[in-house]
Protein chains: 2
Amino acid sequence: MIDRKEKIAQASMQLFVERGFHNTSTRIIAEEAGVSEGLIFRHFRSKDTLLDFLLQQGADEMYQAVAEVISEHEPKVFFSKLVDSFFDIPSDRFDYWRLRSQIQSIRTEWEPEEWERYLREGVLRMFKKMGFSKFEHEAELLYQSLSGIRDGIVRGQIYEPEALRELVKKKYRL
Amino acid sequence: MIDRKEKIAQASMQLFVERGFHNTSTRIIAEEAGVSEGLIFRHFRSKDTLLDFLLQQGADEMYQAVAEVISEHEPKVFFSKLVDSFFDIPSDRFDYWRLRSQIQSIRTEWEPEEWERYLREGVLRMFKKMGFSKFEHEAELLYQSLSGIRDGIVRGQIYEPEALRELVKKKYRL
DNA sequence: GATAATTGTAAGTGATTACTCACTTTGTTA
DNA sequence: TAACAAAGTGAGTAATCACTTACAATTATC
């Protein structure tokens, strides 16, 4: 017994990342998932809905992960967890990040998701609490830097992430 | 007298960034550029060739910019120029960076361009020269961080780039 | 075990795609 | 100005696109 809907989701995720959303036809998704083309539209109303489903799945997981970081009030532990959350991306979630980055560069109306605003506010609050004079800019810098590193990781451009993680933590005295 | 080839290049750059490469038809490019569709294929053999042309144009400019940074041998000035090169992106080049980011997430066979390898080697060499113990990781960290910031800038996510620039320079004692 | 909903298929649909081709217009040079 | 090349056009092309529809198989409910 196979969950065909999940099969479609997995196949489309892989194809969207490999070939790009607009360069992936519903025909090839069906082929790769081993189902008929019509079934895609039975489970997901349109190709766009399918994409939204994939993005939502990832966003839900991120919300959980962010909540775990934000709930920490002890500064040192907070920042340690924060940094770790950018480095400890399970490899089976690489595709989500790559898809997100792709769609972000295609959809002009892209707005930060809830988990992202949530996280950024949390970082800001913690820098302020710790008494940094320019806490807004410190928060911005750390967030953008970590985002750059995460992009590098999921694109396979960073060979020694562990060494990088230690270095980041050292710079923030963690 | 108008250079139609340049018109096509400009229109397609804008459209590729706004709607995505695979979601932009040659028909709409022709419309936007005010030329016939056939002319696109007279000047550029295919839609892919047109894309390559746009990416090459940007890469050529980057090569120049990188050479200017690399040629600097005084550490403090080198790093100052390096940081500035990531912050001082003329707004009419934002599209190039956004296009590059989009294509990078679609083309799996993407490899770092010459200017990029050139720049990274330069940063590495300078960190080594300055006697950093973990110069490879320092170079990696700085490069990925700056890349993340550049992405943020061209996506309009950073409201006070100047403050961020000063903060980065301060951290590296420039 | 009959009924009804759900899940699945295969063969369509009109619209759109990148690209071609036969042709005309414009520019250059002897 | 004749001759040739380069630039430009617009109506084609076959292929592919996302999506629909009529129907069959499976599963759930009583």
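Numbered from 1 within each chain, the chains take letters A, B, ... in sequence-line order.
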A.B. asks: Yes or no on ring-ring contact (aromatic ring centres under 6.0 Å, His included) for A:Phe79 and A:Phe127, after CA distance, side-chain angles and deciding distance?
C.D. replies: CA-CA 10 Å; A:Phe79 282 111; A:Phe127 269 114; 4.9 Å; yes

A.B. asks: Separation of B:Asn23 atom CG from C:dA18 atom P, in whole Å?
C.D. replies: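 B:Asn23 atom CG is separated from C:dA18 atom P by 10 Å.
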
A.B. asks: Among side-chain atoms of B:Asp60 and B:Gln64, is any donor-acceptor pair under 3.5 angstrom?
C.D. replies: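 Absent: no donor and acceptor within the cut-off.
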
A.B. asks: In whole Å, what is the span from the CZ atom of A:Phe41 to the C1' atom of D:dA22?
C.D. replies: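 The answer, rounded to whole Å, is 17 Å.
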
A.B. asks: What integer distance in Å separates A:Ile29:CD1 from D:dC19:P?
C.D. replies: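 It is 10 Å, rounded to the nearest whole Å.
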
A.B. asks: A:Arg100: which residues meet the salt bridge (Lys or Arg N to Asp or Glu O under 4.0 Å) condition with it, sequence neighbours left out?
C.D. replies: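 Checked A:Arg100 against salt bridge (Lys or Arg N to Asp or Glu O under 4.0 Å); matches are A:Glu113, A:Glu116.
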
A.B. asks: Just by distance, with hydrogens left out, do A:Glu37 and A:Thr26 show a side-chain donor and acceptor under 3.5 Å apart?
C.D. replies: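 Per modelled atom types, A:Glu37 and A:Thr26 side chains form a pair under 3.5 Å.
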
A.B. asks: What does B:Thr24 touch in the nucleic acid at a heavy-atom separation under 4.0 angstrom: a base, only the sugar-phosphate, or nothing?
C.D. replies: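 Answer is sugar-phosphate: B:Thr24 comes under 4.0 Å of backbone atoms only.
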
A.B. asks: Calculate the interatomic distance between A:Leu15 atom CG and D:dC17 atom P; express it in whole Å.
C.D. replies: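 Checked: the CG to P distance equals 12 Å.
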
A.B. asks: I'd like to compare against my own output: the B/S/- annotation of nucleotides 4-16 of chain D with a strict under-4.0 Å heavy-atom distance to protein.
C.D. replies: ----BBB------

A.B. asks: Hey, what's the ring geometry for A:Tyr63 with A:Tyr118, parallel, tilted or perpendicular (30° and 60° as the breaks)?
C.D. replies: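 Ring orientation of A:Tyr63 relative to A:Tyr118: parallel.
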
A.B. asks: I'd like to know if B:Glu31 pairs up with B:Arg27 as an ion pair, taking the criterion as any Lys NZ or Arg NE/NH1/NH2 lying under 4.0 Å from an Asp or Glu carboxylate oxygen.
C.D. replies: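 A salt bridge is present here (some side-chain N lies under 4.0 Å from a carboxylate O).
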
A.B. asks: If I take atom CZ in residue A:Arg45 and atom P in nucleotide D:dT21, what distance separates them, rounded to the nearest angstrom?
C.D. replies: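 Going from A:Arg45 (CZ) to D:dT21 (P), I get 15 Å.
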
A.B. asks: How long is the line joining CZ of A:Phe44 and C1' of C:dT6, in whole Å?
C.D. replies: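 To the nearest whole Å, that distance equals 16 Å.
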
A.B. asks: Using whole Å, report how far CG of B:Leu51 lies from C1' of C:dA18.
C.D. replies: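 After rounding, the reported distance stands at 14 Å.
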
